Amino acid sequence: MSPAFELAVLALVRQIPPGRVSSYGVLAAEAGFPRHARHVGKLLGSLPDGHGLPWHRVVNSAGRLSRPGSEQADWQRVLLEQEGVDFSASGSISLLRYGWPDSAYLPANVR
């Protein structure tokens, strides 16, 4: 991962407002690195303790938490619910409702 990629992605993560989420792929594309979703996940997974970034606001492209059933995913869900994010009965988040930035989650015929 290049320093430019890291700086761009981390700057975007800082901008995700409370009560909203973004996906790994959208963050990669918005940072100028489309098709690098896995690198976003790797970057966020390697952050040092106490970094202060709202990592919990990043989900997969289906609006689901990565690594379901893990302690990290359980904590992520608690943090998102505290911010007012609703989960469906199957455990997913509506990206149309909570996705950030809004334009990334609009249906193609509306963009």
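Bear in mind the structure is a predicted one, so any value in this text is a computation, not a measurement. Residue numbers run from 1 in the order of the sequence given.
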Visitor: Nearest heavy-atom pair of H51 and P48: which atoms, and what distance?
Guide: CD2-O, 2.8 Å
Visitor: Would you call R20 and E83 a salt bridge, using N to O less than 4.0 angstrom?
Guide: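 Salt bridge flag = no for E83 with R20.
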Visitor: Donor-acceptor pair, distance only, cut-off 3.5 Å: does the side chain of R64 make one with the backbone of S90?
Guide: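 Such a contact is found between R64 side chain and S90 backbone.
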Visitor: Measure the spacing between CD of Q15 and CZ of R57 and express it to the nearest 0.5 Å.
Guide: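 Interatomic distance, Q15 CD to R57 CZ, rounded to 0.5 Å: 12.0 Å.
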Visitor: Output the distance between atom CG (L95) and atom OH (Y105), rounded to the nearest 0.5 Å.
Guide: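 So the CG of L95 and the OH of Y105 are separated by 5.5 Å.
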Visitor: In terms of hydrophobic clusters joined by side-chain contacts under 4.5 Å, are V59 and V78 together?
Guide: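 As far as the 4.5 Å side-chain criterion goes, V78 and V59 are not connected within one cluster.
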Visitor: CD1/I93 to CG/D86 distance, rounded to the nearest 0.5 angstrom?
Guide: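 Taking CD1 in I93 and CG in D86, the distance rounds to 9.5 Å.
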Visitor: Report yes if some heavy atom in the side chain of V21 is under 4.5 Å from a heavy atom in the side chain of W100; otherwise report no.
Guide: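 No; the side chains remain at least 4.5 Å from each other.
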Visitor: If I compare all heavy atoms of S22 with all of V26, which pair ends up nearest, and what's the gap?
Guide: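 Heavy atoms only, the tightest pair is OG-CG1, 3.7 Å.
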Visitor: Check the surroundings of atom NE2 in H39: do more than 12 heavy atoms from other residues, nucleotides or ligands lie under 6.0 Å from it?
Guide: no
Visitor: State, with a plain yes or no, whether a side-chain heavy atom of L65 is found less than 4.5 Å away from one of D74.
Guide: no
Visitor: Are side-chain heavy atoms of S23 and V58 found at a separation under 4.5 Å?
Guide: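 S23 does not reach V58 side chain to side chain.
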Visitor: Do I16 and L12 have side chains that approach each other closer than 4.5 Å (heavy atoms only, starting at C-beta)?
Guide: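 No, every pair of side-chain atoms sits at 4.5 Å or beyond.
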Visitor: What orientation do F5 and H36 show, parallel under 30°, tilted 30 to 60°, or perpendicular over 60°?
Guide: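 The rings of F5 and H36 sit tilted, inter-plane angle from 30° to 60°.
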Visitor: So which atom in S66 and which in A73 form the shortest heavy-atom distance, rounded to 0.1 Å?
Guide: O-CB, 3.7 Å
Visitor: Could you grab the distance from atom OH of Y24 to atom NZ of K42, nearest 0.5 Å is fine?
Guide: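 Y24 atom OH to K42 atom NZ measures 14.5 Å (nearest 0.5 Å).
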Visitor: Of all heavy-atom pairs between A28 and A37, which one has the smallest distance, and what is that distance?
Guide: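 Here A28 and A37 meet closest at CB-N, 3.9 Å.
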Visitor: Is there a path from V13 to W55 through hydrophobic residues (I, L, V, M, F, W, Y) whose side chains come within less than 4.5 Å of each other?
Guide: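 No: no chain of side-chain contacts under 4.5 Å links V13 to W55.
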Visitor: Ring of F87, cation from R77 - is the NZ or CZ under 6.0 Å from the centre and inside 45° of the axis?
Guide: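 Judged by the rule (NZ or CZ under 6.0 Å from the ring centre, within 45° of its axis), R77 counts as positioned above F87.
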Visitor: Are the side chains of Q76 and L79 in contact, using a 4.5 Å heavy-atom criterion?
Guide: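 L79 does not reach Q76 side chain to side chain.
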Visitor: Just so I know, are the side chains of W75 and S70 near enough to count as touching, which here means a heavy-atom distance under 4.5 Å?
Guide: no
Visitor: Linking I/L/V/M/F/W/Y whenever their side-chain heavy atoms sit closer than 4.5 Å, directly or via other members, would L47 and V9 fall into one cluster?
Guide: yes
